[in-house]
Amino acid sequence: MSAANLPEQIQYFLDQYQQVFTDNTLQRVVLSKYQGDEAGLNRVTIRPVLLKNALALSFLYEYQTRHVTKNLSLNESLALLTKELPEHYKNAHMVSETKEIQLRFSKKGKALINEHRVKGAKSGLAQPDLSQNRAHNREKHRFVKQDRPYLAALGVTDAQGQIIPAMSRKWKQINKFIEVLSGAIENTRLVERQEIHIADFGSGKAYLTFAVHDYLSDTLAVKPQVTGVELRQGLVDLCNQTAAKLALQGIKFEQGDVQHFAAQNINIMIALHACDTATDYAINMGIRSNADIIMCSPCCHKQIRPQLKSPSILAPLLQHGIHLGQEAEMLTDGLRALLLEAHGYDTQVFEFISLEHTNKNKMILAQKRKVPRDNHAILTQIAELKRFYGVKEHCLEELLNQQVG
């Protein structure tokens, strides 16, 4: 399709794309829902990059088994988008420092635009800064805006939107959590859905629960249905009152625990600091619900430790209780990660936030695979690890076996 014949919605999107690139405020463009002939192509991510002291655009083509990068000038990228947007991609999501614009096409081919301004963005045009490589040396980006009403309602910020000093650690934890979640949502393409269901087990005072709801509804402009599950009725009532005070839609809190809560159709399952086998019940529920994303921060690894029968050569190391505890923690969470991979997930285990902020610093992040894998080798690894350490019982494995049976 030539530029002269473009529908006004597509032309508007391209005009805005050119404008934010010229203003040096473009962050990324994601082209998805590919309908072309290239086998295995999932989506394309476009970001500004500095090449030979001039800004260009890096196109990352994400295939099922490989990634291909192409660097284009602004004019080359506009010509490519003009040609391919209406035909090959049914969704385009542009994020800049000042606005977000989504261009999507209905089943009948009608172009639809959804635009909103990034709250708190400064007015005026930014001048291009070519002194550093934007791809590698950007200023620290906050995924959470300080002026959000829920932060003041929860006591994280004051009336002027400034972080209360005593809550600075919680503020950093919220930002890190949303940063991790943002990447997982992008990887699993959940942003393309009109509605996302989230369950947060052990939601407590619900700092992260409200942050997830706000990020999805305000930043990503999708419709969230968030349920916080908490055992303490007083906190359930307090959080429901806060949601009502803020007139929020799509968020609620219920009394219960992960072992007995009936959950269905969950897209994102969250369980932070679930003690001992509560983490196993949470992961099992996420798998059973076919969740796209499972996020757990485990603690108190009690089940495996008394079962450990390490080889005698390790006895001098494990005579120290702290080392034995660390080994039990590593084995417990390693088996959890392998069991998730055996049930269709790509899994990462990493430090969630540094020890200076909280001593509960490990996260298990699992993202549903689009392409199934042969899990025979993984199940063999699990069996060999259990045999090596003398482990007879692992809660998650038993729960998953009950599910199969």
Side-chain angles (χ1 to χ4, degrees), residues 25 27 95-100 116-124 126 138-183 185 198 200-254 268 270-273 295 297 351-361 363:
T25 59
Q27 294 180 350
V95 180
S96 75
E97 295 175 7
T98 58
K99 67 185 70 175
E100 291 192 36
H116 71 274
R117 184 173 180 80
V118 175
K119 295 184 179 180
K122 296 180 180 180
S123 60
R138 298 180 184 181
E139 293 184 8
K140 186 173 181 63
H141 171 63
R142 289 292 186 190
F143 286 79
V144 180
K145 310 181 192 76
Q146 286 185 217
D147 64 348
R148 302 306 298 150
Y150 77 92
L151 290 171
L154 297 176
V156 179
T157 60
D158 58 23
Q160 288 72 43
Q162 298 301 308
I163 304 299
I164 295 173
M167 299 299 290
S168 60
R169 292 183 177 182
K170 179 59 66 176
W171 165 245
K172 292 177 182 178
Q173 184 191 49
I174 292 171
N175 268 282
K176 184 62 177 179
F177 180 81
I178 296 300
E179 178 183 350
V180 172
L181 178 64
S182 173
I185 289 175
I198 304 97
D200 181 7
F201 294 98
S203 53
K205 295 181 180 179
Y207 296 104
L208 300 182
T209 322
F210 280 103
V212 170
H213 177 273
D214 188 76
Y215 178 74
L216 291 171
S217 58
D218 181 71
T219 303
L220 297 186
V222 299
K223 182 179 180 182
Q225 294 294 335
V226 181
T227 302
V229 182
E230 170 58 44
L231 194 59
R232 293 163 288 183
Q233 185 64 54
L235 288 179
V236 172
D237 294 339
L238 178 63
C239 292
N240 277 323
Q241 291 167 9
T242 301
K245 179 181 178 181
L246 295 172
L248 299 178
Q249 301 295 319
I251 184 170
K252 63 180 179 179
F253 296 85
E254 299 183 11
I268 302 173
I270 302 168
L272 301 189
H273 305 160
M295 304 177 73
S297 181
E351 186 178 77
F352 166 46
I353 195 166
S354 62
L355 286 170
E356 65 179 295
H357 304 307
T358 173
N359 61 354
K360 310 297 185 183
N361 69 321
M363 175 171 284

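Numbering of residues begins at 1 and proceeds along the displayed sequence.
- For the pair D147 (side chain) and G161 (backbone), a donor-acceptor distance under 3.5 Å is absent.
- For the pair I178/T219, no side-chain contact is recorded, criterion being any heavy-atom separation below 4.5 Å from C-beta on.
- The nearest pair of heavy atoms linking Q160 to D158 is N-OD1, 2.9 Å.
- No donor-acceptor distance shorter than 3.5 angstrom exists from the side chain of T227 to the backbone of K252, with no hydrogens or angles considered.
- Checking side-chain atoms of S203 against main-chain N and O of A206 turns up no donor-acceptor pair under 3.5 Å.
- With hydrogens and angles ignored, the 3.5 Å screen pairs a side-chain donor or acceptor of H116 with a backbone N or O of D218.
- With Y207 as reference, L154 is the one residue of L151, L154, V212 to meet the side-chain contact (heavy atoms from CB on, under 4.5 Å) rule.
- The aromatic rings of F210 and Y150 sit parallel to each other, their planes meeting at less than 30°, with 60° as the upper class boundary.
- Summarising the local packing, CD of Q249 is surrounded by 12 or fewer heavy atoms from other residues, nucleotides or ligands at distances under 6.0 Å.
- Taking both residues in full, the closest heavy atoms of E230 and L235 are given as CG-CB, 4.0 Å, listed atom of the first, atom of the second, then distance.
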>> Pair N175, E179 - check side-chain hydrogen bond (donor to acceptor under 3.5 Å, both in side chains), show working.
In response: CA-CA 6 Å; N175 268 282; E179 178 183 350; over 6 Å; no
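- K170 and Q173 are linked by a side-chain donor-acceptor pair at a separation below 3.5 angstrom, with hydrogens and angles left out of the test.
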